[in-house]
Amino acid sequence: MNIAQPLIPTICKCFEEKFNVQLSPNEISFQTTRKEFEGDITLVIFPFLKKVQQKPEALAQAIGEYLMQHHQQIARFNVIKGFLNISFAHTVWVETLAQIANTTHYGVLPANGQKVMVEYSSPNTNKPLHLGHMRNIFLGYSVANILKANGYEVMKVNLVNDRGIHICKSMLAYQKFGKGETPQSTGIKGDHLVGNYYVVFDRENKKATAELLATYQKTYPNENPEQLAELAAKNSPLLLEAQEMLRRWEEGDPEIVQLWQTMNNWVYEGFDATYQKMGVDFDKTYYESNTYLLGKAVVEEGLAKGLFFKKEDGSVWVDLTADGLDQKLLLRADGTSVYITQDLGTADMKYADFPMQKSVYVVGNEQDYHFKVLKLILQKLGRSYADGIYHLSYGMVELPTGKMKSREGTVVDADDLIDEMVHIARERTKELGKIDDFESAEAEALYHMLAMGALKYYLLRVDPKKKMLFNPEESIDFQGDTGVYLQYTHAKIAAILRRARELGVDASPAAFSNATQLAPQEIELIQVLAAYPKRVADAAEEYAPSLIAAYAYELAKTYSRLYAELSIFNEPDAALKSLRVALSAQTAKVLKSALQLLGIQAPERM
RNA sequence: GACCUCAUAGCUCAACUGGAUAGAGCAACUGCCUUCUAAGCAGUAGGUUGCAGGUUCGACUCCUGCUGGGGUCACCA
């Protein structure tokens, strides 16, 4: 609902008639009037002064008068310096609310025939998910929802990194120290069990390296200690064993493959449980064990086209120096692939599976360079989908002590954090005692809903591009600018709507269409409601759920003020009473929709 | 060393992409439950937007330099 849109052609006409100046419509844009001034929308005059030799006040006055003459919807206007503030008649707001009420899927665009793939989560199978993954996962899930709302057909995929030296480390540690433990025998969730062995490997490997270093130092007392340390790290017997294991895995050694399958399945069971708690899902899962050999054909293709070149040792490179980047290795001299090789192959595979116009990769900003290179190479190869590749590069979640490191155990575990949040939600809700009549299963479902709402909102409200700080000492808030506040506002409105049904209040547009004198709180709320579709579009364009989060908060805040300052059911004017119930219903509708885009559920009671 | 990126209230984050007197939440303080859920509402206090220049009618936003944090520059992924 863009209320200002119809004014734009009129302004163009005004410039033409009065000043003989041609203006294109996209040169004109309105902003909402700041609270300290009277008006609904504001036109900034300064940009036009170069084309029209006028003083800003005079030009603003002239445009204002012209608009008044041509648009009955405008009640009045005022000019302050170079700002033209326009106030609409109350009927405009009533009409706007009616339009919103009559739109079933408000803010949601019809299918646009475009396909987009969103890859997110993409975990390693050697350790459980942590807070950093949660930011990734919630971002990916939310962006997928936002794109759907903008008319795209969306395919959500997970690319699991299930092979490589890091997996072998867990496997080796398990083989050596595991004593045949299983998730069943220990009662430890599969991903955590495997993750523990990754830590065991690191610990044992450090010991072994230290011992090796000690013998080196005895044998070569005159050598540079740093060089010795490096040598010891490289030749640690455990690391060599892990590398040997990787070789055997690639050869298909049945014993190794068997162990690998067993341990990975434990991890997948663990991940699935966590994804389910998070309320996220995927349409397809890719496994790197199936894709790591892909991409060699793409490298051959690039060689044939003369885009890549071969060095004397047989390794294949691409020279991106003309594009401001470096030379990049694409294939080792022994013909084996590197990370980017498989990503090239996987990109083609994705397109074959789902011929998309856009492909979003939700991956941390430490890989900015990698994705620049990947996209550039695919563009050079002339892939139709290459321009549509978007690296949703998000900032790391940091702790007060710095970055999280799995090996060093300085991570905030996803399962632990969820459990803690549920615990807090349970305590807090019981204290308030508002749902004492709930069945226990119903209550537990609510605690979980609130816990996830708090967590998701906490991670999504920050601009994805920016790094963010999490302090484990302070629990995630349930008050103020939080997910729980949004859920609370929804529950409060739901109570209003139940009461309205009981009382039989008619909230249809017909019942409030002749409301005339609206309160400022009502107008402000309608304005916020009217802004929703634009915000949904902006969020898709910028791949930024944070815009939706900010909007949802603004909406809830605006409603809460109205709720506190105006009575709904004690309002004597029937039209106004209907209007307020309708306003409540539309706020609930939009709030629920916005929360859905964030992957947050809206309770009816809490 | 080269390149990328960030720096806003005590703390965590905004600022509609260059517009008016930079806004929220938390923490502190003050009011408001005999009317629809107080997980709420209203208010007070808190700022030289890291520093120095520049561009312009106008700069948190763009440019240059400096300082400080993070990242990348692997035949790791």
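Just the heavy atoms: all of them, side chains too, but no hydrogens, waters or symmetry mates, feed the values below. Within every chain, numbering begins at 1; the chains are lettered A, B, ... in the order of the sequence lines, protein sequences first and strands thereafter.
Both thresholds, 5.5 Å between centres and 30° between ring planes, are not jointly met by A:Tyr485 relative to the base of B:A39, so the two rings are not stacked. In this structure, A:Phe46 packs face-to-face on the six-membered ring of B:G19, meeting both the 5.5 Å centre cutoff and the 30° plane limit. A distance cut-off of 5.5 Å between ring centres, combined with a plane angle under 30°, leaves A:Tyr553 outside any stacking arrangement with the base of B:A24.
The same atom, C1', is picked in B:A14 and in B:A24; the two are 7 Å apart, to the nearest Å. Annotation: B:G23 and B:C32 have their C1' atoms spaced 24 Å apart (nearest Å).
Among the atoms of the strands shown, base atoms are found under 4.0 Å from some heavy atom of A:Ser567. When heavy atoms are screened at a 4.0 angstrom cut-off, A:Thr429 is found touching base atoms of the nucleic acid. Here A:Ala550 lies out of heavy-atom contact (under 4.0 Å) with every strand. Within the 4.0 angstrom heavy-atom criterion, no nucleotide atom of any strand lies near A:Ser546. Nucleic acid contact for A:Pro47: base, since at least one base atom lies under 4.0 Å from a heavy atom of the residue.
You'll find a donor-acceptor pair under 3.5 Å spanning the side chain of A:Asp313 and the base of B:C75, going by distance alone. At a cut-off of 3.5 angstrom, counting only N and O atoms as typed in the model, there is no donor on one side facing an acceptor on the other between the side-chain of A:Asn126 and the base of B:A77. Between the side chain of A:Asn570 and the base of B:U35, a donor-acceptor pair under 3.5 Å is found.
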ask   = So A:Asp40 and A:Asn85, side chain to side chain contact (heavy atoms under 4.5 Å, CB included) or not? Walk me through it.
value = CA-CA 7 Å; A:Asp40 298 319; A:Asn85 302 319; over 6 Å; no

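Side-chain N or O atoms of A:Asp313 include one that pairs as donor or acceptor with a backbone N or O of A:Ser315 at under 3.5 Å.
Both tests pass for A:Lys350 against the ring of A:Tyr361: distance under 6.0 Å to the centre and angle within 45° of the axis. Within the cation-pi definition used here (under 6.0 Å to the ring centroid, within 45° of the axis), A:Arg135 does not qualify as a partner of A:Tyr394.
Between A:Lys372 and B:U72 there is no side-chain polar atom (N or O) within less than 4.0 angstrom of OP1 or OP2.
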